[in-house]
Amino acid sequence: MIIKKEGVYLLLKQIPSGKVTTYKALANLLHTKGYRAIGQIVKNNPFAPIVPCHRVVRSDGSLGGYMGQISGPLIQKKKKLLLHEGVVCEGNKIRDFKKVFTDLK
DNA sequence: AGAGCACTGATCC
DNA sequence: GGATCAGTGCTCT
């Protein structure tokens, strides 16, 4: 199965403020199991400022990574961004994950 | 061409 | 219940 990376960006741009999605959801929408590939696509996204890559998290509620760092100051910034948008985080995970989660369907 | 990765589900302990 | 294995597809070296 081939992931259409443009589809990933398209989906990401459709995430409303205050909502997040997961790699799994994206993979499901793209009909693929290459979850990690989506991580790579998002990480190396050529639309860094345009695509809200901080709204993509792991299916277990953890933040995943941000701009090449799976942990570090960038992650803290990601948390702050999400919090500013209404997504409450606790530690490296999202608190009301189900509430802020959207699969864009 | 080969290795790595912002993942996930299934096994193994 | 946590740790590890296997499958997956794109990007970088």
Side-chain angles (χ1 to χ4, degrees):
Chain A
M1 189 61 82
I2 298 171
I3 299 178
K4 195 180 179 191
K5 49 188 176 182
E6 295 180 10
V8 176
Y9 303 132
L10 194 63
L11 291 170
L12 286 181
K13 286 190 286 190
Q14 291 180 36
I15 304 174
S17 180
K19 295 279 185 174
V20 296
T21 191
T22 66
Y23 298 100
K24 180 178 180 175
L26 292 174
N28 188 37
L29 291 174
L30 296 171
H31 303 158
T32 183
K33 292 174 214 149
Y35 312 104
R36 301 182 72 179
I38 295 178
Q40 293 301 337
I41 295 170
V42 176
K43 180 180 106 179
N44 295 293
N45 80 80
F47 306 102
I50 301 162
V51 174
C53 50
H54 62 273
R55 291 186 190 145
V56 187
V57 296
R58 288 182 46 148
S59 63
D60 62 353
S62 66
L63 295 177
Y66 187 53
M67 287 178 72
Q69 298 194 31
I70 199 161
S71 65
L74 276 301
I75 299 300
Q76 306 305 318
K77 184 174 183 180
K78 176 172 179 176
K79 281 166 56 179
K80 186 109 183 188
L81 271 169
L82 291 171
L83 184 63
H84 187 69
E85 294 183 354
V87 181
V88 183
C89 298
E90 181 182 77
N92 66 331
K93 291 196 177 178
I94 295 177
R95 178 165 276 290
D96 290 321
F97 178 55
K98 290 182 181 178
K99 300 193 177 194
V100 297
F101 168 76
T102 179
D103 59 359
L104 303 172
K105 272 186 296 192

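Order of the sequence lines fixes the chain letters, A, B, ..., with proteins taken first and strands second; residue numbering starts at 1 for each chain. All values below were derived from every heavy atom in this structure, side-chain atoms included, with hydrogens, water molecules and symmetry-related copies excluded.
Note on I50(A): it clusters hydrophobically with L11(A), by side-chain heavy-atom contacts below 4.5 Å among ILVMFWY residues. Follow the hydrophobic side-chain contacts under 4.5 Å out from I3(A) and you reach L12(A) in the same cluster. Residue L10(A) is not grouped with residue V56(A) when hydrophobic side chains (ILVMFWY) are merged at heavy-atom distances under 4.5 angstrom, including chains of intermediate members.
By the 6.0 Å contact criterion, CG on L104(A) is enclosed, its count of non-hydrogen atoms from other residues, nucleotides or ligands being greater than 12.
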Any N/O pairs under 3.5 Å between the protein and nucleotides 1-3 of chain B? List them or say none.
none

Report all side-chain donor-acceptor pairs from residues 23-30 of chain A shorter than 3.5 Å, counting only partners two or more places apart or in another chain.
none

Tell me which donor-acceptor pairs under 3.5 Å the side chains of residues 35-43 of chain A have, and how far apart each pair is, sequence neighbours excluded?
none

With a cut-off of 3.5 Å and sequence neighbours excluded, list every side-chain donor-acceptor pair involving residues 80-91 of chain A.
residue	atom	partner	partner atom	Å
E85(A)	OE1	R55(A)	NE	3.0
E85(A)	OE2	H54(A)	NE2	3.2
E85(A)	OE2	R55(A)	NH2	3.0
E90(A)	OE1	R95(A)	NH2	3.1
E90(A)	OE2	R95(A)	NH2	2.0

Inset, instruction - Convert the base pairs of DNA chain C into dot-bracket notation, remembering that pairs crossing earlier ones are written with [ ] and that bases paired across to another strand are shown as |; include only Watson-Crick or G-U pairs under 3.5 Å. - result: |||||||.|||||
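Proximity of residues 47-73 of chain A to DNA chain C (heavy atom under 4.0 angstrom from any strand atom) is not detected for any residue. Only Y23(A), K24(A), listed by number, bring a heavy atom of residues 14-25 of chain A to less than 4.0 angstrom from any atom of DNA chain B. Only at 4.0 angstrom or more do the heavy atoms of residues 83-99 of chain A sit from any atom of DNA chain C, so none qualifies.
A ring pair (Phe, Tyr, Trp, His ring centres under 6.0 Å) check over residues 85-105 of chain A, counting only residues at least two apart or in different chains, returns the pairs F97(A)-F101(A).
Using a distance-only test at 3.5 Å, with no hydrogens or angles considered, a donor-acceptor pair links the side chain of T21(A) to the main chain of T102(A). No donor-acceptor pair closer than 3.5 Å links the side chain of K99(A) to the backbone N or O of K19(A).
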Legend entry - Audit row: L63(A), I94(A), side-chain contact (heavy atoms from CB on, under 4.5 Å) steps and yes/no: CA-CA 7 Å; L63(A) 295 177; I94(A) 295 177; 3.9 Å; yes
Inset, instruction - Produce a footprint string for nucleotides 7-13 of chain C: one letter per nucleotide, 5' end first; B if the base is under 4.0 Å from any protein heavy atom, S if only the sugar-phosphate is, - if neither. - result: BBBBSS-
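For the atom pair CG of N45(A) and CE of M67(A), the computed distance is 9.0 Å after rounding to the nearest 0.5 Å. The structure places CD1 of I75(A) at 12.0 Å from NZ of K77(A), a figure rounded to the nearest 0.5 Å.
Under the rule for a salt bridge (Lys or Arg N to Asp or Glu O under 4.0 Å), K98(A) has no partner lying at least two apart in sequence or in another chain. Applying the salt bridge (Lys or Arg N to Asp or Glu O under 4.0 Å) test to D60(A) and every residue at least two apart in sequence or in another chain returns R58(A).
The separation between I75(A) atom CD1 and dA6(B) atom C1' is 8 Å, rounded to whole Å.
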